[in-house]
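Comments concern the structure below.
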Amino acid sequence: MGQFILRRTGVMIVTALCLTFIVFFLTNLYPNLEKLAKTQGNFRMSDEAVTSYLDSNGYLQPLTVKYGQWLGVLPGWTKTNDEGAVTGRCLTGAVSPAEAEDAATYCGIIQGDWGFSTVFKDEVSTIVGTRLALTGKLMFWVLMLMIPSALLIGVMAGMREGSVLDRSLSTVSIITTATPEYVSGVIFIAVFASSAAGLKWFKGTATGAMENATFENFFLPVLTIALYGMGYIARMTRASMTEVMTAQYIRTARLKGVSFGNIVVKHALRNALIAPFTVIMLQFPWLLNGVVIVETLFNYKGFGWTLVQAAGNNDIELLLGVSVVSVIVVLVTQLISDIGYVYLNPRIRIS
Amino acid sequence: MEPLTGFEIFTRILVQFLPVWISLAVLFGLSITYKRKLGLYGKLFDSVIGMIGFALVMFWVFTGIYGAMDLIITHDPLAQLSGMKNKGPGTPLRSPKEGQYEWYLLGGDNLARDVFSRMVSGAWIVVQIAPLATLFAFMVGITLGLPAGYYGGRLDTLLSFLANLILAFPVILLFYLLVTPEIVATGLPQYMAVVLFIFPLVFFGVLINSRFRTQPKKNRTWLIVVLLPLFLIYMSVVNEAGSKIGFWPLDFFDVPGGILVVFVSVVFVNSPTVFRIVRGLAMDIKTRDYVAAAQTRGEGPWYIMLWEILPNARGPLIVDFCLRIGYTTILLGTLGFFGLGLPPESPDWGSTINEGRRLLLLYLHPALPPAFALLSLVLGLNLLADGLREESLKD
């Protein structure tokens with residue numbers, strides 16, 4: 001078990017390095033840098049001015065060197081300009097050579113230096129931290145709504161295969177998997193929030209929910225994300241439940257005269273919930289997608305909204321920070337799902 | 001002129017869709033009559049769910065095709081008529097010209113374009129891109145997944161690692177990294193197209209060669225007949241005068257703005273999942289007796305993979321193909337929703353939903369038709385997959 005976790009963690013770190021390198025490569029392609037120079041300087045910059053701006057800010061070094069510096073395993077670049085002042089990756093503005101001596105040599109994401117956002121005019125680490133907290137709140141309620149209802153639907157559909165209850169619940173879960181967030185969100189806003197339909201039960205934006213989340217302004221975004229993932233988990237639970245319900249030991253229990261409710265709760269559920277557990281963890285990348293769509297749709301300024309802003313405005317450092325966090329979230333949940341599957345499943349654990 | 005009532009709008013829309021109804025009736029009539037002779041496709045008509053799904057899918061396929069032939073749409077999807085901005089469903093035109101349809105059946109959007117016509121022409125974009133992109137993803141996934149599952153070992157480790165790498169990317173982040181104008185300017189999507197679009201050629205080449213290896217004459221004829229047109233299409237798609245790749249003189253057609261980029265990114269996102277499915281199936285099937293029999297006969301590995309394993313994996317693959325077209329439709333909508341790839345005036349459903357949502361609290365009619373259209377198509381594909389799965393399990 002220990003060796004298994006160690007090997008998986010190793011693979012995870014290699015994957016994370018590859019992925020961040022790909023993102024780094026794509027965001028640091030020359031047209032992106034040129035755009036950055038023009039937004040930082042002025043839009044009518046000549047090509048020479050762009051080159052000199054990029055050169056003086058260390059953007060024209062070889063890609064691998066830049067990546068190493070960004071990661072914090074290579075010393076940050078420094079340059080001495082004509083007046084003798086020193087600029088560098090780890091320095092803010094131009095400083096005297098003596099001050100430059102005292103500054104840190106390594107400053108990448110490993111050292112906690114995530115860079116500076118050109119759009120929000122703030123440290124990337126601060127932005128990512130606050131936005132992640134907001135999205136965490138959203139995700140918490142999504143999971144609180146999605147997991148119990150998905151498991152309930154799945155178990156109820158799976159305990160008597162082919163019954164009317166099974167048919168209708170399965171249809172519901174097919175419909176929810178066929179409805180992407182941008183469709184269900186639009187329909188929900190149209191029905192429950194717009195003045196045109198006249199119900200106005202909920203608010204159409206969740207901007208107010210960032211400080212003060214109430215049922216009125218927070219329920220629609222939560223429901224929209226939860227619904228898309230719910231159908232899939234419910235179908236997985238149903239499949240695993242029907243499989244368990246045909247097992248020999250369930251038949252034995254029935255022949256012994258155990259009541260149906262007891263069979264479901266005490267005998268079947270434990271084994272039926274192994275598969276959905278893995279699926280729930282693997283849903284995280286999808287949930288991340290849903291978060292981006294729903295935060296854009298409901299104007300909830302969380303992590304997904306930040307991703308869209310960073311990508312849309314060519315905010316390279318922020319986009320890199322956001323990518324690192326999302327890649328790590330995805331990989332860690334995959335790891336937990338793998339370990340959890342082995343841990344929960346006695347057949348694999350013992351062999 | 002008076003605006004139309006709800007009932008009139010409904011009947012007029014039904015009438016507009018008349019060619020679709022006729023085609024559906026003919027298709028279903030023929031299929032149900034001959035269903036015993038049509039194999040798995042015929043068996044689909046034994047399951048109610050499968051039939052509903054198939055009807056929904058074919059409705060949109062016919063709508064797309066007839067819409068492109070100018071049969072269903074009432075107005076030019078890009079034309080802006082004065083006085084129709086944000087007007088509700090059934091509003092008559094202010095000054096209809098001779099021969100012009102006199103109403104906006106589902107109202108006008110915020111640029112005074114006809115919502116109904118835009119929804120119908122949006123279907124054509126989906127019907128063109130989604131099945132083809134899924135097919136390409138399957139070619140890539142099958143060509144790489146079969147050897148990974150059959151040989152195992154280092155090759156498998158490497159390919160699986162690469163597939164997991166792509167799968168660990170949040171899809172939207174990947175889209176934002178690949179589809180922005182700056183990246184398109186570097187030609188990166190075109191280079192990816194060069195790599196991804198070669199897979200169908202490789203697939204068919206190996207497929208034919210492994211089968212007719214022992215009959216060189218037949219082999220040569222088949223290879224030329226299949227690969228030459230494919231090669232010409234490949235070169236025409238990949239090359240575009242004035243872009244990074246433009247060396248090929250026989251450039252028959254150019255893929256219209258943004259579609260190539262969208263296509264490439266959708267194939268790229270889909271193929272690792274297909275790879276994983278095919279790999280799993282190949283690992284399962286290679287232990288069967290008929291594979292051992294083929295090995296004993298001395299068949300080559302590619303013959304075994306493509307002519308023994310692949311046909312026996314068709315059931316799950318067909319089901320997944322349906323589901324994946326639905327997923328591709330959702331991805332296309334996502335791209336449109338974020339305004340990536342396709343030009344902003346494009347009538348695809350994602351873009352129209354995105355435009356409509358901005359005024360959603362005041363006007364419902366521009367956003368809802370494309371939303372329901374997308375929902376019904378994806379639902380149809382899901383039901384179709386469910387019906388196919390049920391019927392293929394019955395044997």
Side-chain angles (χ1 to χ4, degrees), chain A residues 11-12 14-16 18-19 22-23 26-27 29-35 167 170-171 174-175 177-187 189-191 193-197 204-205 231 285-286 288-289 291-293 296-297 304 307-308 310-312 314 319 322-323 326-327 329-331 334, chain B residues 49 53 88 161-162 164-178 180-186 188 323 326-327 329-331 333-334 336-340 349-350 353-354 356-357 360-365 367-368 370-372 374-383 385-386:
Chain A
V11 172
M12 189 190 101
V14 175
T15 317
C18 290
L19 284 174
I22 295 170
V23 179
L26 288 171
T27 46
L29 283 171
Y30 192 75
N32 280 336
L33 295 178
E34 193 181 339
K35 197 173 162 198
R167 291 267 165 196
S170 298
T171 315
I174 291 184
I175 293 176
T177 42
T179 321
E181 292 90 349
Y182 51 89
V183 169
S184 52
V186 161
I187 294 175
I189 294 179
V191 175
S194 79
S195 49
T205 69
W286 304 109
L288 213 60
N289 269 335
V291 162
V292 178
I293 294 170
T296 313
L297 189 61
L307 191 157
V308 173
N314 194 38
L319 186 57
V322 168
S323 320
S326 48
V327 160
V329 168
V330 171
L331 291 177
Q334 277 179 359
Chain B
I49 288 196
F161 179 74
L162 289 179
N164 287 337
L165 212 59
I166 302 172
L167 285 174
F169 256 116
V171 178
I172 292 180
L173 180 63
L174 200 63
F175 281 157
Y176 261 114
L177 291 174
L178 286 180
T180 51
E182 287 78 34
I183 304 275
V184 175
T186 61
L188 185 78
L323 285 176
Y327 180 60
T329 311
I330 292 180
L331 283 183
T334 313
F337 183 78
F338 286 105
L340 294 168
W349 293 337
I353 293 175
N354 184 32
R357 77 174 169 96
L360 197 58
L361 291 177
L362 296 171
Y363 305 107
L364 302 182
H365 61 273
L368 285 186
F372 280 114
L374 198 144
L375 169 59
S376 60
L377 175 60
V378 179
L379 180 64
L381 286 161
N382 276 299
L383 292 177
D386 235 44

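Excluded from the calculations below are hydrogen atoms, water molecules and symmetry mates; all remaining heavy atoms, backbone and side chain alike, are included. Only a predicted model underlies this, so the values are computations on that prediction, with no experimental measurement involved. Chain A is the first sequence line, chain B the second, and so forth, proteins listed ahead of strands; every chain is numbered from 1.
Both the backbone and the side chain of B:Thr334 have a heavy atom closer than 4.5 Å to some heavy atom of chain A. Of the two parts of A:Leu319, only the side chain, counted from C-beta on, holds a non-hydrogen atom closer than 4.5 Å to a non-hydrogen atom of chain B. Looking at A:Ile187, both its backbone and its side chain come within 4.5 Å of chain B, counting heavy atoms on both sides. The contact between B:Leu188 and chain A is made entirely by side chain atoms (from C-beta outward), counting heavy-atom distances below 4.5 Å. Looking at B:Asn354, neither its backbone nor its side chain comes within 4.5 Å of chain A, counting heavy atoms on both sides. Looking at A:Ser170, there are no atoms closer than 4.5 Å to chain B (heavy atoms on both sides), in backbone or side chain. In this structure, the portion of A:Leu29 lying under 4.5 Å from any heavy atom of chain B is its side chain and not its backbone. For A:Leu307, the part lying near chain B is the side chain, with the backbone staying farther off; criterion is any non-hydrogen pair under 4.5 Å. For chain A, the nearby part of B:Ile49 is the side chain; its heavy atoms alone come within less than 4.5 Å.
Across A:Tyr182 and B:Ile330, no two heavy atoms sit closer than the pair OH-O, 2.6 Å. Nearest heavy-atom pair, A:Ser323 versus A:Val23, reported as atom, atom and distance to 0.1 Å: OG-CG1, 3.4 Å. Contact between B:Leu368 and A:Val186 at its shortest, heavy atoms only, is CD2-CG1, 4.2 Å. Across every non-hydrogen atom of A:Val330 and B:Ala168, the tightest pair is CG1-O, 3.5 Å.
Going from atom CG of A:Leu19 over to atom CD1 of B:Ile166 covers 9.5 Å, rounded to the nearest 0.5 Å.
Here A:Val292 is the residue among A:Val292, A:Thr27, A:Val14, A:Val322 with the most heavy-atom pairs under 4.5 Å with chain B. Heavy-atom pairs under 4.5 Å with chain A peak, among B:Tyr327, B:Trp349, B:Tyr363, at B:Tyr327. With chain A as partner, the option from B:Gly333, B:Ala367, B:Pro170 having the largest number of non-hydrogen pairs under 4.5 angstrom is B:Gly333. Between chain B and the residues A:Ile22, A:Val329, A:Val183, the largest count of heavy-atom pairs under 4.5 Å involves A:Val183. Residue with the most contacts toward chain B among A:Thr179, A:Asn314, A:Ile293: A:Ile293 (heavy-atom pairs, distance under 4.5 Å). Of the listed residues B:Ile353, B:Leu165, B:Asn164, B:Asn382, the one with more heavy-atom pairs under 4.5 angstrom with chain A than any other is B:Leu165. Contact tally against chain B (heavy-atom pairs below 4.5 Å) for A:Leu288, A:Val327, A:Ile174, A:Thr177: the top residue is A:Ile174.
Between the side chain of A:Tyr30 and the main chain of B:Thr186, no donor-acceptor pair closer than 3.5 Å is present. Proximity of a side-chain donor or acceptor of A:Asn32 to a complementary backbone N or O of B:Ile183 within less than 3.5 Å is not detected.
At a threshold of 4.5 Å between non-hydrogen side-chain atoms, the residues A:Pro180 and B:Phe337 do not count as touching.
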- request: Show your reasoning for whether side-chain contact (heavy atoms from CB on, under 4.5 Å) applies to A:Ile189 and B:Arg357.
  value: CA-CA 9 Å; A:Ile189 294 179; B:Arg357 77 174 169 96; over 6 Å; no
Chi angles and distances behind the side-chain contact (heavy atoms from CB on, under 4.5 Å) call for A:Thr296, A:Glu181: CA-CA 11 Å; A:Thr296 313; A:Glu181 292 90 349; over 6 Å; no
